[in-house]
Student: 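Sending over a structure as structure tokens; questions will come in a sec.
Keep in mind that what you see is a predicted model, and the values were worked out from it rather than measured.
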Amino acid sequence: PIGYALTVLAVASAILVNAAVEPLTGGRAPFLPFLAAVAVVAFLYGWKCGALAVLLGALADAWAWTAPSGAPLIEPQNLAALAIFAAVSGGLIWAIQRHRRLQARSADALHRLEIAERRFRVAQDASEVAFTLLRAVRDGGGRIVDFEWTYANPAAGRLLKRAPEDLVGRRLLARLPGNAQGADLF
């Protein structure tokens with residue numbers, strides 16, 4: 001409901017902008033302010049408000065700029081301009097809706113990932129089995145030269161006689177230099 005009222009307000013604002021810039025443009029770009037209105041309302045209130053802005057913009061242009069000049073609405077150049085406005089507006093609304101859907105999908109995936117990570121941490125923190133996650137550290141040639149802890153559960157901390165927080169972010173060879181001798185590790 002409020003979205004539709006603000007759509008009418010946005011189109012009314014576009015009419016005022018159009019009237020103000022018409023002397024500068026000579027009426028050559030009558031739909032540009034309406035594209036801005038379409039984009040704003042479609043982004044804020046969805047495709048239905050965007051479609052309403054397209055319809056109101058087309059009607060406003062026909063009434064305020066085309067009809068008073070005496071040019072018939074069905075002239076090919078008027079229809080071409082209207083078709084271009086409708087096509088560009090439709091593409092704009094589609095792109096905005098696509099962006100909104102992808103944003104919602106991304107937020108949902110992030111939420112599910114956060115839940116999975118919390119479950120993982122609860123399970124691993126309660127485990128009596130030592131568990132760590134290591135990230136490979138590579139040299140300029142891409143060869144693995146060390147590992148860095150990204151996670152260590154409390155059991156791993158007890159086994160290594162260090163707090164898990166003291167392991168995370170540290171390199172394996174800095175904490176356990178004896179592993180440098182095992183060439184098979186790398």
Student: Show me the donor-acceptor pairs within less than 3.5 Å that the side chains of residues 46-53 make with the rest of the protein, sequence neighbours left out.
Tutor:
none

Student: Distance check, rounded to the nearest 0.5 Å: Asp139 atom CG versus Asp146 atom CG?
Tutor: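 Spacing of CG (Asp139) from CG (Asp146) equals 11.5 Å.
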Student: State whether the side chain of Ser106 and the backbone N or O of Leu102 hold a donor-acceptor pair below 3.5 Å, judged by distance alone.
Tutor: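 Side chain of Ser106 to backbone of Leu102: no pair is present.
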Student: Do you know the tightest heavy-atom contact between Ile96 and Phe43?
Tutor: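 Between these two residues, the closest heavy atoms are CG2-CA, 3.5 Å.
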Student: Apply ring-ring contact (aromatic ring centres under 6.0 Å, His included) to Phe120 and list each qualifying residue two or more places apart in sequence or on a separate chain.
Tutor: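 ring-ring contact (aromatic ring centres under 6.0 Å, His included) list for Phe120, sorted by chain: Phe131, Tyr151.
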Student: Tell me which pairs pass salt bridge (charged side-chain N to carboxylate O under 4.0 Å, His left out) where either residue lies in residues 158-170, with sequence neighbours left out.
Tutor: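 Only Glu128-Arg158 qualify under salt bridge (charged side-chain N to carboxylate O under 4.0 Å, His left out).
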Student: Can you tell me if Thr7 uses its side chain to pair, donor with acceptor, with the backbone of Gly3 under 3.5 Å?
Tutor: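 Checked: pair present.
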Student: Spell out, yes or no, whether Leu176 and Ile144 are grouped together once hydrophobic residues are joined by side-chain heavy atoms under 4.5 Å, including indirect joins.
Tutor: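 The answer is yes; both residues are in one hydrophobic cluster.
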Student: Taking transitive links into account, so neighbours of neighbours count too, which hydrophobic residues share a cluster with Leu110 at under 4.5 Å side-chain distance?
Tutor: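 The other cluster members (ILVMFWY side chains, heavy atoms under 4.5 Å, direct or chained): none.
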Student: Would you call Val38 and Ile93 a side-chain contact if the rule is heavy atoms closer than 4.5 Å?
Tutor: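 A side-chain contact exists here, since the closest heavy-atom pair is under 4.5 Å.
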Student: Quick check: do Pro154 and Asp125 have side-chain heavy atoms less than 4.5 Å from each other?
Tutor: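 Answer yes - side chains close enough.
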Student: For residues 95-107, pull every pair meeting salt bridge (charged side-chain N to carboxylate O under 4.0 Å, His left out), keeping only residues two or more places apart or in separate chains.
Tutor: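 Sorted pair list comes back empty.
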Student: May I ask you to test the Phe31-Leu82 pair for a side-chain heavy-atom distance under 4.5 Å?
Tutor: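 Side-chain contact under 4.5 Å: yes.
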Student: Taking atom CD1 of Ile2 as the centre, does the number of heavy atoms from other residues, nucleotides or ligands within less than 6.0 Å exceed 12?
Tutor: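 Incorrect, the count does not exceed 12.
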Student: Do Leu32 and Leu35 have side-chain heavy atoms sitting under 4.5 Å apart?
Tutor: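 SC-SC contact between Leu32 and Leu35 confirmed.
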Student: Could you name each residue pair satisfying salt bridge (charged side-chain N to carboxylate O under 4.0 Å, His left out) that touches residues 111-123, not counting sequence neighbours?
Tutor: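 Every salt bridge (charged side-chain N to carboxylate O under 4.0 Å, His left out) pair that includes a residue of residues 111-123, provided the two are not neighbours, is Asp108-Arg112, Glu117-Arg121.
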